[in-house]
Amino acid sequence: MKQLKVRDLMVTGAFAALYFLCVGLGTLVAAIFDRSGNMMYAPAFAAILGGPVYMLLLAKVGKFGSISLVGAVMACFFFMSGYMAAAFLPSLVFGIGGDLIAKQGQYKQKWFNTMSFVVFSFGNLGPIILMWLMRDAYVASLVARGKSAEYIARVMVDFTPVHVLSLTATIVVGALLGAFLGQQMLAKSFKKSGLLE
């Protein structure tokens, strides 16, 4: 198995920073799209914007550990941004899961890379999953951070079949679109460089 080298770590770090920016932009777009403030659509918009970055990372590095590292960076962000400590777990779990799936296709097969990104995109669910699994503790953490009752009522996403299905569907669609855009951009750049006929 190919090991990550220092150069690979540096490239992965740069792409992790780019992906982080995509998540931030996706969250901003979601806030404009849905003014409720609950960020239910943020993971989907982050997936659309982050797809090209993810696909380029696979093309540039293509070794086990790179996707997991990006997931770890996102996990650190959730851990340090004031969410409950457990908010980092989805980014780690889905990051490793995405890495394992892409590895099955040697980081070169479109279908495996696409499914890898779909799985990886669920890593941005950390805060929402905590709302569902640890609702009382999540509300208590918001109160401890000085959030008002009106704010808490507005941002909480209730655990209902409709919310679960719609959230899952938007993430899958966003990730598929992001992966498609990324693969199209890669194909065009390879054609221009003469690597593809």
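The first residue in the sequence is number 1, and the count goes up from there.
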Could you pull out the closest heavy-atom pair between Val119 and Gly97, with the gap in Å? CG1-C, 4.1 Å

Could you check whether any side-chain heavy atom of Val164 comes within less than 4.5 Å of a side-chain heavy atom of Phe159, counting everything from C-beta outward? yes

Contacts of Val11 that satisfy side-chain contact (heavy atoms from CB on, under 4.5 Å) - sequence neighbours left out: Arg7, Phe15, Lys60, Val61

What salt bridge (charged side-chain N to carboxylate O under 4.0 Å, His left out) pairs are there with at least one residue in residues 161-185, not counting sequence neighbours? none

For residues 160-183, the salt bridge (charged side-chain N to carboxylate O under 4.0 Å, His left out) pairs (sequence neighbours left out) are none

Does Leu49 belong to the same Ile/Leu/Val/Met/Phe/Trp/Tyr cluster as Val70, with side-chain heavy atoms less than 4.5 Å apart forming each link? no

Is it true that Leu181 and Leu25 fall in one hydrophobic cluster, defined by side-chain heavy atoms closer than 4.5 Å? no

Using the rule that two of Ile, Leu, Val, Met, Phe, Trp, Tyr join whenever any of their side-chain heavy atoms come within less than 4.5 Å, decide whether Leu57 and Val73 are in one cluster. no

Can you name the closest pair of heavy atoms from Ser116 and Ala102 and give their distance? OG-CB, 3.6 Å

If you take all heavy atoms of Leu4 and Gly65, which pair is closest and at what distance? CD1-C, 3.7 Å

Identify the heavy atoms of Ala75 and Ser91 that sit nearest to each other, and give their distance. N-CB, 3.6 Å

If you measure from NZ on Lys63 to CG on Leu69, what distance do you get to the nearest 0.5 Å? 12.5 Å

Spatial distance of atom CG (Asp158) from atom CZ (Arg135) [nearest 0.5 Å]: 5.0 Å

Hydrophobic clustering (ILVMFWY, side-chain heavy atoms < 4.5 Å, transitive) - are Leu21 and Leu56 grouped together? no

Which distance, rounded to the nearest 0.5 Å, do you find between the CZ of Phe88 and the CE of Met74? 14.5 Å

Qualifying residues under side-chain hydrogen bond (donor to acceptor under 3.5 Å, both in side chains), relative to Ser68, sequence neighbours excluded: Asp99

Tell me the closest heavy-atom pair linking Val53 and Cys22, and the distance in Å. CG2-SG, 3.8 Å

What residue pairs, at least two apart or across chains, pass ring-ring contact (aromatic ring centres under 6.0 Å, His included) with a residue in residues 99-120? Tyr19-Phe120, Tyr54-Phe117, Tyr54-Phe120

dist Ile101:CD1 -> Ile67:CD1 (nearest 0.5 Å) comes out at 9.0 Å

Would you compute the distance between atom CE of Met40 and atom CG of Leu167 and round it to the nearest 0.5 angstrom? 5.0 Å

How many angstroms lie between CG in Asn124 and CZ in Phe77, if you round to the nearest 0.5 Å? 9.0 Å

Are Ile171 and Leu176 connected in the hydrophobic side-chain network, where two residues link if heavy atoms are under 4.5 Å apart? yes

Quick one, Met55 with Met185, criterion side-chain contact (heavy atoms from CB on, under 4.5 Å). Give me CA distance, side-chain angles, the key distance, then yes/no. CA-CA 9 Å; Met55 293 300 154; Met185 290 172 64; over 6 Å; no

Can you list every salt bridge (charged side-chain N to carboxylate O under 4.0 Å, His left out) pair that touches residues 68-77, not counting sequence neighbours? none

Test item: side-chain donor near acceptor, Thr114 and Gln183, under 3.5 Å: yes

